[in-house]
Peer 1: 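Before I ask anything, here is the structure I am working with.
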Amino acid sequence: MSMPMVTVLRYQCRQWHKLCILCRQLQNYENVTNKRAQIIRSFSNLDLNSRRDQLPEWQGVIGLEIHAQIQSVSKLFSGAATNYNASTNTQVAYFDAALPGTLPVLNKKCVEAGIKTALALNCDINMMSLFDRKHYFYADMPAGYQITQYRKPLAINGQMPYVFLCTKTDYMERRSAKIFQIQLEQDSGKSLHDAKAGLSLIDLNRAGIGLMEIVTAPNFTCGDDAASFVRDLRDILVTIGACDGRMAEGSLRVDANISVNRLGEPMGTRTEVKNLNSLRNIRLAVDYEINRQIQLLESGGVVENETRSFDVEDGETLLMREKEKVLDYRFMPEPNLPPLIIHKDLSTSTSDSNVVVIELVKSQMKELPEEKRKRLEEKYKMELKNAVILVRANLSELFEKLVDVHGCNPVTTSALLRYCYVTLLDNLKLGDTAHMASPLREAALLEIAHIFGRGEISLHSAFVLMETLVAQPDQSCIDIIEEKGLWIVTDESVIMSIIEEVCTRNRHAVKAFKKGKKNQFEILRNKVVKKLEGKSSIELVNQLLNAKLKE
Amino acid sequence: MKSITLKEALIQLKKGVMTVKEICHACQQRLEKTRKLNIFISETQSEDLLRQIQSSEQAYVKGTAKALEGIPLAFKDNFCTQGVHTTCASKMLFNYVPPYDATMVTKCKEAGGIIVGKTNMDEFAMGSGSLDSCFGPVINPWNLTVPTSNSTETASSSEISANEVSPDWYIAGGSSGGSAAAVAAGTCLAAFGSDTGGSTRNPASHCGVVGLKPTYGLLSRHGLIPLVNSMDVPGIVTKTVEDSAIMLNVVAGHDIMDSTSVSSTHSPFHISRDLDLSKLHIGLPKEFQRLEMSEDVLLLWKKTADILEKAGAKVSEVSMPHAQYCILCYHVLCCCEVASNFARYDGIEYGLRYGSEMSTEELYAESRHKGFNNVVRGRILAGNYFLLKKNYNKYFIKAQKVRRLISNDFKSVFSSGVDLLLTPTTLSDSPLHSWFTQEDNRTRCEEQDIFTTPANMAGVPAISLPLGLSKQGLPISLQISGPHFSESLMLSLAHWLESQAQFSHLNLEFLDQAAISSNIVQ
C-alpha cells in the first residue's frame with residue numbers, strides 16, 4: 001500500500017513544476033494580448049466547405065467550458081471585496097489566504113447570480129446541490145484545493161438560442177446550443193513570475209472570487225460558431241448582471257474541447273485548448289486546432305487527448321499537458337458547507353432571509369436579448385441582423401418608443417438607428433457601458449426620425465445632422481439642414497448630370513461593366529453618391545444609373 | 001488556598017469573598033509549580049494578565065461582571081488566538097501567529113474570561129496520549145501523588161519530568177492532554193480541548209476531570225484548526241458537571257462564520273436538580289463489553305449501572321451492531337479529511353518554509369517533510385491514497401456508508417425508548433508511558449478511542465466524568481451519551497452520578513504549601 005501513496009506526492013510535485021512553467025507561459029500570453037496589432041495568420045479564412053472536393057466529409061465538433069466571474073461586491077465564500085484594479089493582496093480575507101481554522105460562508109448573491117443564469121439558459125435547477133473539494137497543488141491556490149460542484153451542480157440541462165455570425169460573409173442565422181451544467185466554484189489567485197530576479201510572487205486578490213462554470217454540449221462546428229455563442233452568452237450574463245463580461249480582464253474565460261470527424265462517423269479524439277480570453281482568440285484557436293487535427297489525420301497521424309494553449313503571437317495552439325499526465329483531483333465532499341437548498345417559491349421556504357427563492361430571483365430578471373430580438377422581428381418585421389445590432393447596442397427600447405409612442409416608421413427608424421446612431425455612438429467611443437447616456441436628446445432623435453421617415457433627408461445626411469447636433473445641441477434640426485443644405489436631392493436632372501459626368505470620366509469602368517463586370521456598378525454608383533455629397537437616395541441613384549448604363 | 005470549582009469561584013467573586021487577583025494568583029502559582037508537567041505551550045504574559053485581572057476586578061466593583069468574569073481559562077493550542085502563537089504542537093506552525101480569535105475564544109473573552117495560556121497536545125490533535133507533540137509529552141498531574149508501580153521513589157515531589165528516563169510515568173491521554181492536565185492541576189478553572197474521536201473525553205478520563213463533547217454544530221468551529229471537519233467539536237474540560245454546563249451556556253449557539261453551526265437556539269442548558277430517575281431508561285451497549293477492558297473499569301461500569309437501577313432507572317442492555325467497525329471507518333474518514341485539510345500547509349502563505357527557493361517542488365516537499373511528524377505524514381499519505389479516483393468508492397464512500405450505519409445505531413437505540421447510554425470512556429486507567437510507547441500512534445488510537453469515536457461519527461453529545469479510582473489510585477471515568485441536543489438531560493444525569501460518587505479530585509495543595517514556605521524563606 002505504501003508504494004502508490006509515495007507516488008501520489010511525488011506526482012503532485014512534478015505537476016506543480018509543470019504548472020509553474022504553464023504559469024509563465026500564461027503570463028507571457030497575457031502580455032502579448034495586451035499588445036496591439038500583432039500580425040496574426042488569419043484562420044478565419046479556413047473554409048471547410050472548400051475542401052469538399054477532395055475530402056468532403058470532415059466536420060469540426062466543439063464543446064465549451066466557460067468560466068464567468070460572478071459580479072458581486074464580495075467573494076464566493078468570504079467577505080473580501082472583488083475590485084479588479086485594487087493593488088495586490090488587498091482584496092483578501094483570512095479565508096482566501098487559507099489561514100487555518102477559517103471556514104467558507106456561502107455568498108447568497110453569488111447563488112442568485114447562478115440561479116439567474118440558470119433561468120436565462122433554460123436549465124433545470126437542482127433544488128439541492130453540493131460542494132466538493134478538487135485537490136491540486138498550486139501556489140496561487142492557498143488551500144491546496146478548489147471548492148467546486150462536482151457531484152451535483154447548481155443547474156443542468158439547459159438550452160441557449162444564439163445568433164451565428166459568419167465573420168467572412170456577415171451571414172447570420174439563429175442556432176441553439178445545449179448546456180450540460182452550471183456549477184459554482186472558486187477562482188484561483190494569480191502567480192506573477194519575474195524570470196530575471198528568479199522570483200514568483202502571489203497575488204490573492206482573485207482567489208476565491210465566485211465563478212460560474214458553464215459547460216456546453218459539443219454543439220459547435222467552427223471558430224465563428226463558438227465565438228458567436230460566447231458573444232451571446234456574454235450579452236446575456238451582462239444583461240442579467242451575473243458577470244461584467246470583460247474578457248480582457250479575465251472576467252470571462254473559455255476552454256474549448258475540439259475534435260474532428262468525417263460526417264457520419266463517431267466523434268474523434270478531442271483536445272482541450274485552455275484559457276481563451278477574447279472572442280477573436282476563440283475563433284482563431286478553434287479554427288487553427290480543427291485545421292491542425294485535419295492535417296494530422298490526413299497525413300496518417302493520430303490526435304492525442306491532450307491539453308493545449310493558444311499562442312496569440314503565432315496564432316497556434318501549443319501542447320501544455322499530455323494525457324497520461326492528467327491529474328487525479330481526489331475529489332471529496334466539502335465538509336464545511338451544508339447542501340445548498342434552493343426554494344421554488346416563498347411557500348416552501350422558511351422565514352430565513354438567507355435562502356434563495358427562484359420566484360424572487362425570476363421577478364428581478366431583466367428581459368433577455370433573445371426576447372428583445374424576437375419581438376423586434378415579430379412585431380416590427382425587422383431583419384434578424386438589424387435586430388441583433390439594435391439589441392446589442394441597447395437601442396431596442398428607444399426604437400420601440402419611437403415607433404410605438406411617437407408613430408415613427410419602423411423600417412426607416414430601424415435603418416436610422418442601426419446605421420446612423422450606432423455609428424455615432426461608436427465614434428463617440430462611448431463603448432459598451434455608456435449606451436444609456438444618450439448623446440442626443442430624445443426629442444431631437446424623434447425629429448430626425450420623422451424627417452428621415454418622410455424621405456426629406458438621406459441616411460448620410462441624417463448622420464451629418466446627428467453629428468452636428470452633438471456639437472451644437474441647441475440648434476434646431478431644420479436650421480442645420482438649411483444651413484448645411486442637407487435636404488434630399490430629388491431633382492432627377494441634377495442627378496443625371498452627375499451620372500453623365502462620372503460615366504464620361506470613367507469610360508473604362510463603364511466598358512468593363514458592359515462586358516459583364518457587374519462589380520463596376522457599385523464603383524460608379526459610389527462615385528455618383530460622393531459627388532452628390534450623400535444627399536440623394538441610393539435607390540434613386542441606382543435606378544438612374546442603371547438606366548444610363550443600359551443605353 | 002484550596003482549589004475551587006468554577007461555580008464556587010463565581011459565587012465567591014460575586015460575594016466579594018475572593019478577588020479575581022486571588023483566584024488568578026492561585027492558578028498562576030499552580031502553573032509555575034507544575035511547569036515540569038509540560039502542560040502549556042505558551043503562557044499569557046504577566047502584564048497582560050494583570051491588565052485583565054484589573055479590568056475584571058473593576059467589573060465586579062461596578063456590578064458589570066459577565067458570565068465568566070475573572071475566571072482563568074486555557075485553550076488547546078489548536079484554537080486561534082489573535083496575536084498569540086497557535087502551533088498545534090507542530091513544527092509546521094511553530095511561527096504562526098493568527099490575526100484573529102476563534103469564536104470560542106471571542107465568546108470567552110466577551111464573557112470576561114481570562115486566558116492564561118495555550119495547552120500542549122498531540123501534533124494537530126492526532127493521538128490519544130499527548131506524547132506526539134513537538135514540544136514534548138504532557139505528564140499526567142496524577143503522577144505527583146500516585147507512585148508508579150516500577151518506580152522506586154514516590155512521585156509526590158514535583159521533580160518529575162519527561163526528560164528523565166526513569167521513573168516511568170502515567171500519560172495524560174490525548175490529544176487534549178494539556179487542557180485536561182491544566183484543569184486537573186488547578187492552573188485554570190476550565191479549559192477548551194477539541195474532540196474529533198474522543199480527544200477531550202480521553203484525557204479528561206485519565207486526568208480525573210469532566211470532559212464534554214457537545215452535539216456537532218452546537219459550538220462554532222470557526223478558528224479551531226481542523227482535524228476532521230465533519231467530526232471536530234470544541235470540547236469543554238472542567239472539574240465538575242455544573243462547571244461544564246456553565247461553560248457550555250456561555251459558548252453554545254449559532255455562528256455566522258461556521259455554516260455547520262446550528263441556527264436554532266437550544267441553550268440555555270439546565271441541570272435538573274430533581275431528576276426523576278424512574279422516568280429514565282439507560283442503555284448499556286453490549287458491543288462495548290470488550291475483553292481488553294480492565295477489571296476496574298468493568299467493575300465501575302457495572303456498579304454504576306446498579307446504582308442507577310436501584311435509584312429507579314430502567315437499565316437495559318442494548319445493541320449497536322456497527323460500533324465494532326467504528327474505529328476503522330473513523331481512520332479512513334479521518335485520513336481523507338486530513339489529506340485535504342493539510343494541503344494548505346505548503347510554506348507559502350504562513351508556517352514553516354524549508355528548502356530551496358529555486359524549486360517550488362522542493363520547497364513543498366521539504367517544508368512538508370520537516371514540518372509534519374510521522375503520524376501526520378502517514379495520515380496524509382493514506383488519505384490521498386483513499387481519495388484516488390480508483391479507490392474513492394472502495395474506501396471513502398464505503399466508510400461514509402458505515403458511518404451512516406453507526407449513526408443509525410444511535411438513532412434506533414434512542415427511538416426504542418432509551419434516553420441515554422452509559423459506557424466506559426477508556427479501556428483502563430491512565431497507561432504507563434513505557435507501555436503506551438510499545439506500539440505506534442495509530443495502533444494506540446485505534447485501541448484507546450474505541451468507546452469515544454462512535455459519538456463523533458453520529459454527532460451526538462457525550463460527557464466523560466470521573467467516578468472512581470482504580471486499584472492504583474488513578475481516576476477512572478464513565479461516559480454518558482444521548483440524542484442530538486440532549487445536553488440538558490445528559491448533564492443532569494452526569495450531575496446526579498457525580499454527586500453519588502463523590503469522586504475525590506486530585507489534591508495538589510501540598511504544592512501550594514511548598515510555594516508559601518519558599519515565599520516565607522524569601
Side-chain angles (χ1 to χ4, degrees), chain A residues 1-20 77-79 92 94-106 131 133 135-145 191 198-200 202 204 328-338 350 352 354, chain B residues 78-80 86 88 93 96 98-100 102 220-226 228-231 255-261 263 336-337 339-346 348-351 357-365 368 378 380-392 396 400:
Chain A
M1 207 165 86
S2 67
M3 274 312 289
M5 290 192 283
V6 171
T7 327
V8 175
L9 272 201
R10 286 210 184 128
Y11 165 69
Q12 284 166 358
C13 293
R14 267 208 303 277
Q15 283 310 318
W16 159 244
H17 193 64
K18 281 267 146 68
L19 286 167
C20 283
F77 297 122
S78 82
V92 188
Y94 299 146
F95 174 79
D96 306 317
L99 293 196
T102 53
L103 298 167
V105 180
L106 184 58
F131 289 97
R133 291 179 178 182
H135 299 90
Y136 52 100
F137 282 105
Y138 209 131
D140 55 30
M141 197 175 58
Y145 56 81
S191 294
L199 277 177
S200 291
I202 314 278
L204 294 180
D328 190 324
Y329 291 116
R330 290 156 290 130
F331 282 100
M332 191 190 84
E334 167 55 62
N336 294 321
L337 289 167
T350 58
D352 191 350
N354 262 328
Chain B
N78 58 354
F79 284 89
C80 289
T86 300
C88 287
L93 293 179
Y96 180 61
Y100 74 104
S220 168
R221 293 182 293 115
H222 173 67
L224 167 62
I225 298 180
V228 185
N229 303 285
S230 63
M231 297 184 214
D255 179 10
I256 197 166
M257 299 303 282
D258 178 0
S259 308
T260 63
S261 69
S263 46
C336 290
E337 286 201 32
S340 175
N341 286 336
F342 286 57
R344 71 188 56 211
Y345 304 112
D346 53 14
I348 304 278
E349 279 81 16
Y350 46 79
E357 298 266 332
M358 297 311 292
S359 155
T360 319
E361 177 187 340
E362 274 174 39
L363 186 73
Y364 271 41
R368 290 168 70 79
I380 291 172
L381 286 168
N384 276 314
Y385 178 77
F386 297 145
L387 287 175
L388 285 177
K389 204 171 183 181
K390 61 175 184 177
N391 294 333
Y392 185 73
F396 186 79
Q400 276 201 319

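So that the names make sense, note that chain A is the first sequence line, chain B the second, and so on, each numbered from 1. Bear in mind the structure is a predicted one, so any value in this text is a computation, not a measurement.
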Peer 1: Looking at chain A, which one of B:Ile225, B:Ile256, B:Thr86 has the largest number of heavy-atom pairs inside 4.5 Å, strictly under?
Peer 2: B:Ile225

Peer 1: Non-hydrogen atoms of chain B under 4.5 Å away: do they reach the side chain of A:Tyr329, the backbone, both or neither?
Peer 2: neither

Peer 1: Is it the backbone or the side chain of A:Leu199 that comes under 4.5 Å from a heavy atom of chain B, or both, or neither?
Peer 2: neither

Peer 1: Less than 4.5 Å apart, side chain to side chain, heavy atoms only: is that true for B:Met257 and A:Phe95?
Peer 2: no

Peer 1: What part of B:Tyr345 gets within 4.5 angstrom of chain A, counting heavy atoms only: side chain, backbone, both, or neither?
Peer 2: side chain

Peer 1: Does any heavy atom of chain A fall under 4.5 Å from the side chain of B:Asn341, the backbone, both, or neither of them?
Peer 2: both

Peer 1: Test A:Tyr145 against B:Arg344 for side-chain hydrogen bond (donor to acceptor under 3.5 Å, both in side chains), laying out the working first.
Peer 2: CA-CA 8 Å; A:Tyr145 56 81; B:Arg344 71 188 56 211; 2.8 Å; yes

Peer 1: Taking all atoms of both residues into account, what is the closest heavy-atom pair of B:Thr260 and A:Leu337, and its distance?
Peer 2: CG2-N, 4.4 Å

Peer 1: Top residue by heavy-atom pair count (under 4.5 Å) with chain B, among A:Ala97, A:Ala143, A:Ser78?
Peer 2: A:Ala143

Peer 1: Which atom names give the shortest non-hydrogen contact between A:Arg133 and A:Asn336, and what distance separates them?
Peer 2: NH2-ND2, 3.4 Å

Peer 1: Report which part of B:Asp346 has an atom under 4.5 Å of a heavy atom belonging to chain A: side chain, backbone, both, or neither.
Peer 2: side chain

Peer 1: What part of B:Phe342 is in contact with chain A, defined as an atom under 4.5 angstrom from a non-hydrogen atom: side chain, backbone, both or neither?
Peer 2: neither

Peer 1: Determine the minimum heavy-atom distance between A:Pro104 and A:Glu334, stating which atoms define it.
Peer 2: CG-OE2, 4.3 Å

Peer 1: Would you name the heavy atoms of A:Phe137 and B:Ala343 that are closest together and state the gap between them?
Peer 2: CE2-O, 3.5 Å

Peer 1: Among A:Gly144, A:Gly79, A:Pro335, A:Pro338, which residue forms the greatest number of heavy-atom pairs with chain B at distances under 4.5 Å?
Peer 2: A:Pro335

Peer 1: With chain A as the partner, which of B:Pro226, B:Ala102, B:Ser340 has the greatest number of non-hydrogen pairs under 4.5 Å?
Peer 2: B:Ser340

Peer 1: Name the member of B:Gln400, B:His222, B:Glu349 that forms the most heavy-atom pairs with chain A at distances under 4.5 Å.
Peer 2: B:Glu349

Peer 1: Would you name the heavy atoms of B:Glu337 and B:Ser230 that are closest together and state the gap between them?
Peer 2: OE2-OG, 2.7 Å

Peer 1: Does a side-chain heavy-atom distance below 4.5 Å link B:Tyr100 with B:Cys80?
Peer 2: yes

